[in-house]
Every structure is written in C-alpha cells, then in structure tokens.
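Encoded as structure tokens, the structure appears first; notes follow it.
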Amino acid sequence: MRYYTRKAASNLALSTPAAEIVVIRNEDMLSRFMARASCNDGIALRVKSFHVNFTATITGLGLLRKCILLLQNIEDLELHLVKLSPSSWIHVLRRVRFKKLQFFSSNCPHDVLAPFLSAASTMRSLQLLVGCGSGQCHLEGRALPLLTDVTAGNACITSVVDNNPVERVVIIDVGICDNLAFPFAIKSLSASTSTITTLHIDFDPDHRDILRQLHEVAPELTALKLVERQRPASGRFVRRRRPWNDAFTWSIDLSRFTQLHRFLLRTPAALVNGADAESKEKELLTVWTTKSARLDYVTLWYLADSTADILRLWRRSFSRGWTVLAHASSPSWDQFL
C-alpha cells in the first residue's frame with residue numbers, strides 16, 4: 001500500500017477536482033482517495049456514487065470504515081470484498097447510516113446486513129450477491145418502504161420482496177443446485193405478496209412449462225428476461241428440447257401475460273438455422289407473438305457462449321410488423337437489457 005505525507009496529500013486534494021462517482025479497486029486507490037478526503041471535506045461530501053470492488057483480500061479495514069463514514073451524501077454504494085469474515089464485515093458496517101442511500105450492492109452476509117438495512121429507509125434498489133444457505137433468511141421482515149428493485153438468490157428473494165413495494169426482481173444463482181434452482185424460485189415467488197412487473201430469471205431448458213408457471217406467480221409482468229442456465233462442459237453432446245420448440249404452445253403461453261411489453265431470451269441453442277437468419281427470426285417472432293397484442297419489443301440472443309452468437313433487438317409496429325431495431329455485440333448478463 002502507498003502512503004502520502006500530509007503536505008503531498010494537501011497538494012493533491014487542492015489540485016484534483018472532487019468527483020461525484022468514485023471507484024476503488026485496490027488499497028492503493030483507497031489510500032489515495034483518503035489522502036485527499038482527509039485534507040478537504042468537500043471531496044467526500046461531493047461523492048454520490050461509491051464503488052468498492054476488491055479482487056484481493058483487504059488488510060486496511062480501518063481505513064475503509066473511516067472512508068465510508070465520511071461519505072454522508074452518497075446515493076449509490078457498492079461493497080464487493082473477497083474472503084472477508086463476518087466479524088470483519090461487522091467492523092466495516094457497524095452503526096453506519098446514510099440519509100440518502102438509494103442503491104446498495106454487496107456480498108456481505110445477511111446477518112451482518114440486517115441492522116444496516118433496518119436504517120436504510122430511502123433504499124430503492126438492492127443487490128444481494130450472497131445467500132443465507134439453509135434456513136430462514138436473516139432479512140425476513142425488513143421493511144423498506146421505497147424498495148422497488150431487488151436482485152437476490154432463490155432462497156432469500158421472498159424475504160426481501162415480501163411486504164415491500166417491489167416491482168422488478170432478478171433471481172440469481174448463489175449456490176442452489178442446477179436442477180432445483182427454478183422450482184425453488186417459483187416457490188419463492190408464489191409466497192410473495194408483491195405485484196412484480198419486471199422479472200429476470202435463469203432457467204433450465206428441461207422446464208417445459210416455464211411461462212405457465214411464471215404466469216401463476218407474476219401475471220402482471222410488463223418485462224420478462226429468460227436466461228438459459230449454462231451447463232458444465234461435457235464430452236457428449238446432448239440434444240435438449242427447449243420449451244419454445246413447440247411454437248404454437250409457446251405463443252399461447254406468452255399471450256397469458258396480457259401486460260407484457262418487452263421480452264428477452266438468451267440461449268446457447270440455435271433459434272433458426274441456415275442462411276437468411278434475420279428473415280427466419282422475423283417469421284419465428286410472428287408466430288410467437290400472434291396472440292400477444294402488447295408485446296412490442298423482443299431481444300433474441302442465441303448461440304450464446306459461442307463465437308457465432310447472434311444478438312438482435314426487434315420492434316413491432318402496426319404498419320411494418322417486426323423490424324430489427326439494433327444488432328449488438330455480446331454483453332455481460334446484467335447488461336443484456
């Protein structure tokens with residue numbers, strides 16, 4: 001870690017303009033920021049978005065805690081720290097309170113996070129990148145009156161969504177076995193009392209009735225993103241039957257979502273074969289959406305995870321039907337919008 005003399009830090013603070021967005025990737029960057037902030041109160045007070053993403057174990061927990069306590073005006077906070085014990089997390093977040101915090105993303109254990117969230121009454125978006133394992137989630141019953149957007153694992157999603165005004169849900173895999181993940185997610189959502197309008201969920205192609213099952217727990221969806229789960233590499237090719245292979249049934253199941261406006265699908269399978277793929281995609285979409293009056297935007301990403309992958313955004317208009325709105329290069333899963 002690099003250290004700075006008070007004079008050097010003071011000169012640095014005076015010569016560098018304060019930033020609203022700060023990204024910290026290692027302890028050297030943390031030291032540099034603190035050297036400036038300790039000499040100029042305006043440096044920390046100006047920060048609205050603070051992102052800590054360490055790929056190595058942090059040794060300066062005291063410095064990180066001191067830094068966080070200076071950030072009185074932040075609205076977005078990311079804390080992604082590797083190999084940190086629960087006691088170390090407690091040291092970092094103990095009695096930390098923010099009056100304006102709206103977005104929080106972390107891999108912090110939920111038992112440590114619970115008291116922190118109890119005071120986060122302004123929270124609107126929450127990303128929980130670890131789960132509670134087995135048993136009841138430690139965030140059960142936490143009331144966040146402004147919370148509308150949640151990303152969490154299968155086992156914990158209901159504990160966070162329930163009794164809060166959540167509209168957008170992203171369910172991620174934080175350790176549930178492949179063949180249990182989707183049924184577990186459906187069970188979790190069925191216990192929720194919230195009206196979910198946006199859903200991102202990973203699925204296994206063996207779940208043939210995925211749309212019907214989702215409609216039972218989230219019938220008011222306006223946006224749905226389905227991402228086929230990656231399978232471990234195998235020496236033997238296994239031909240899998242996807243739920244959309246029966247295009248007629250898939251069309252009927254899509255039409256169950258009467259408010260659905262946007263649909264996204266990612267799969268390693270080939271949705272169409274041969275030449276003139278764009279024309280065949282249009283024909284496919286026409287069949288899929290015949291009975292879906294409100295569905296106007298569809299993103300198809302197929303042959304994913306291969307060098308031949310195709311990603312296209314389609315829009316439907318009354319006069320022209322389905323037309324390509326954009327071609328795109330392969331994004332990461334959270335940017336596939």
Side-chain angles (χ1 to χ4, degrees), residues 13 17-27 29-54 58 60-82 84-130 132 137-152 156 159-170 334:
E20 291 189 355
I21 301 174
V22 175
V23 178
I24 305 292
R25 296 191 181 90
N26 52 55
E27 294 191 64
M29 295 177 73
L30 179 62
S31 276
R32 290 203 303 269
F33 177 79
M34 282 301 294
R36 295 172 55 218
S38 60
C39 295
N40 184 344
D41 293 341
I43 297 290
L45 293 177
R46 182 171 170 77
V47 176
K48 292 185 178 180
S49 188
F50 194 72
H51 306 266
V52 179
N53 290 281
F54 277 28
I58 182 173
L61 287 176
L63 189 64
L64 177 60
R65 174 174 170 79
K66 183 178 179 181
C67 177
I68 289 174
L69 290 173
L70 292 176
L71 305 171
Q72 293 303 306
N73 293 321
I74 62 168
E75 299 174 2
D76 303 337
L77 176 61
E78 256 189 308
L79 284 179
H80 299 164
L81 304 170
V82 298
L84 207 62
S85 67
S87 61
S88 295
W89 276 109
I90 291 173
H91 176 70
V92 172
L93 289 177
R94 180 172 53 88
R95 297 179 182 175
V96 172
R97 302 290 184 268
F98 298 111
K99 295 180 179 179
K100 301 178 181 180
L101 191 64
Q102 297 181 23
F103 168 84
F104 181 72
S105 176
S106 183
N107 60 334
C108 175
H110 294 187
D111 55 339
V112 177
L113 202 54
F116 172 77
L117 289 180
S118 294
S121 60
T122 57
M123 188 75 67
R124 296 179 181 274
S125 181
L126 187 60
Q127 293 185 353
L128 306 172
L129 305 183
V130 295
C132 289
C137 177
H138 294 283
L139 300 179
E140 183 81 38
R142 289 292 179 275
L144 298 168
L146 301 180
L147 187 67
T148 59
D149 189 331
V150 173
T151 297
C156 298
S159 298
V160 184
V161 169
D162 217 13
N163 300 318
N164 290 316
V166 175
E167 299 176 353
R168 181 180 185 272
V169 172
V170 176
D334 56 334

Legend entry - Distance in Å, Cys137 SG paired with Leu128 CG, rounded so as to fall on 0.5 Å steps: 7.5 Å
Legend entry - Beyond-backbone contact of Val23 with His51, side-chain heavy atoms, under 4.5 angstrom: yes
Inset, instruction - Taking all heavy atoms of Ala44 and all of Phe33, pick out the closest pair and write down the distance. - result: CA-CZ, 4.4 Å
Legend entry - Interatomic distance, Arg142 atom CZ to Leu113 atom CG [nearest 0.5 angstrom]: 9.5 Å
Legend entry - For Val52, all residues meeting side chain to side chain contact (heavy atoms under 4.5 Å, CB included), sequence neighbours excluded: Ile24, Phe50, Phe54, Leu64, Leu79, Leu81
Inset, instruction - Give a yes-or-no answer on whether the side chains of His80 and Asn53 include a donor-acceptor pair shorter than 3.5 Å. - result: yes
Legend entry - Minimum-distance pair of heavy atoms, taken over all atoms of Glu140 and Ser159: OE1-OG, 2.9 Å
Inset, instruction - Would you give the length of the straight line joining atom CG of Asp111 to atom CG of Leu139, rounded to the nearest 0.5 angstrom? - result: 9.0 Å
Legend entry - Heavy-atom donor-acceptor pair, Ser88 side chain to Leu84 backbone, under 3.5 Å: no
Inset, instruction - State, yes or no, whether a side-chain contact exists between Leu63 and Leu61 at a heavy-atom distance under 4.5 Å. - result: no
Legend entry - Exercise: identify the closest heavy-atom pair between Pro165 and Leu146: CG-C, 4.3 Å
Inset, instruction - Report yes if some heavy atom in the side chain of Val150 is under 4.5 Å from a heavy atom in the side chain of Val170; otherwise report no. - result: no
Legend entry - CD-CZ distance between Gln102 and Arg124, expressed to the nearest 0.5 angstrom: 5.5 Å
Legend entry - Note, Thr151 side chain near Val169 side chain (heavy atom, < 4.5 Å): no
Inset, instruction - Assess whether atom CZ of Arg97 is packed by more than 12 heavy atoms of other residues, nucleotides or ligands within 6.0 Å. - result: yes
Inset, instruction - Evaluate the side-chain proximity of Gln127 to Ser106: yes if any heavy-atom separation is below 4.5 Å, no if none is. - result: no
Inset, instruction - Quick one: pull up CZ in Phe116 and CD1 in Ile90 and give me the separation to the nearest 0.5 Å. - result: 14.0 Å
Inset, instruction - Please assess Asn73 against Lys100 for the test side-chain contact (heavy atoms from CB on, under 4.5 Å), listing each intermediate value before the final yes or no. - result: CA-CA 6 Å; Asn73 293 321; Lys100 301 178 181 180; 3.4 Å; yes
Legend entry - Heavy-atom check, side chain of Val166 versus side chain of Asp149, under 4.5 Å: no
Inset, instruction - Kindly indicate whether the side chain of Leu144, heavy atoms from C-beta on, has any atom under 4.5 Å from the side chain of Ser121. - result: no
Inset, instruction - Could you tell me which non-hydrogen atom of Glu78 sits nearest to which non-hydrogen atom of Phe103, and how far apart they are? - result: CG-CE2, 4.2 Å
Legend entry - Atom pair CG/NZ of Leu30 and Lys66 - distance to nearest 0.5 Å: 11.0 Å
Inset, instruction - Compute the ring centroids of Phe104 and Phe98, then answer whether they are less than 6.0 Å apart. - result: no
Legend entry - Modelled atom types, side-chain donor and acceptor of Thr148 and Arg168, under 3.5 Å: no
Inset, instruction - Go through the steps to decide whether Leu70 and Val47 satisfy the test side-chain contact (heavy atoms from CB on, under 4.5 Å), and finish with yes or no. - result: CA-CA 10 Å; Leu70 292 176; Val47 176; over 6 Å; no
Legend entry - Side chain to side chain, Leu147 and Val160, heavy atoms closer than 4.5 Å: yes
Inset, instruction - Using salt bridge (charged side-chain N to carboxylate O under 4.0 Å, His left out) as the criterion, list what pairs up with Asp76, not counting sequence neighbours. - result: none
Inset, instruction - Please report the closest heavy-atom contact between Arg94 and Arg65, naming both atoms and the distance. - result: O-NH1, 2.8 Å
Inset, instruction - For residues Glu27 and Gly60, report the shortest heavy-atom separation together with the two atoms involved. - result: OE1-N, 2.9 Å
Inset, instruction - For Gln72, enumerate each residue passing the side chain to side chain contact (heavy atoms under 4.5 Å, CB included) test, keeping only those at least two apart in sequence or located in another chain. - result: Leu45
